[in-house]
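Each remark here refers to the structure printed beneath this line.
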Amino acid sequence: MSRFLCSALLTAALSFTLATARAQDDKNKCTIAIKGDGDVKKACDAGGIKRAKAVMKAQVKLGKDKGIKHECDDCHKDEANGNWALTKDGQEKFDKLLAAIK
């Protein structure tokens, strides 16, 4: 009986760990930069939202040097709460940023 109980507890703990890891992976999964071959897409593929955010911040900094000033919430609906959906003119602003820094 104790062998069965230990087995059941181990299985439950392993299942919980895997489910938690998958939930964290889903939270970091890119949903916008999923097409093309740009730097943000490459960053998404390599490290999810965290890596893409770092690349975007670097691009925004380069843009500021060229006179294009944007904050995350200028293009994304609610960055502070992890809502990375684009605003209605977010893609247009991103395209202008890319054009300015090339």
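This chain uses plain numbering: 1 for the first residue, then up along the sequence.
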Between Asp65 and Lys61 (salt bridge meaning N to carboxylate O under 4.0 Å), is one present in this structure? no
Flag the pair [X] / [Y] as yes when at least one side-chain heavy-atom distance between them is below 4.5 Å, and no otherwise.
X: Asp95; Y: Gln91; result: yes
X: Ile32; Y: His76; result: yes
X: Phe94; Y: Leu86; result: no

Please say yes or no: joined through hydrophobic side-chain contacts below 4.5 Å, possibly via intermediate residues, are Leu97 and Val55 part of one cluster? yes
If Ile, Leu, Val, Met, Phe, Trp and Tyr residues are connected whenever their side-chain heavy atoms lie under 4.5 Å apart, and connections chain through other members, are Val60 and Val40 in the same group? yes
If you round to the nearest 0.5 Å, how far is [atom2] of [Y] from [atom1] of [X]?
X: Asn28; Y: Cys44; atom1: CG; atom2: SG; value: 8.5 Å
X: Asp45; Y: Lys42; atom1: CG; atom2: NZ; value: 10.0 Å
X: Lys66; Y: Ile101; atom1: NZ; atom2: CD1; value: 9.0 Å
X: Gln59; Y: His70; atom1: CD; atom2: NE2; value: 11.5 Å

Shortest non-hydrogen contact between [X] and [Y], atoms and distance:
X: Asp78; Y: Asn81; result: OD2-ND2, 2.7 Å
X: Asp73; Y: Glu79; result: OD1-N, 3.0 Å
X: Ala46; Y: Arg51; result: CB-NH1, 3.3 Å
X: Ala33; Y: Lys41; result: O-CD, 3.2 Å
X: Cys30; Y: Ala52; result: SG-CB, 4.3 Å

When you look at Thr87 and Asp74, which way does the side chain to side chain contact (heavy atoms under 4.5 Å, CB included) test go after all the steps? CA-CA 8 Å; Thr87 60; Asp74 292 341; over 6 Å; no
How about Asn83: does its CG atom have over 12 heavy atoms from other parts shown lying under 6.0 Å from it? yes
Determine the sole option in Met56, Glu92, Lys93 for which the side-chain contact (heavy atoms from CB on, under 4.5 Å) test with Cys75 is passed. Lys93
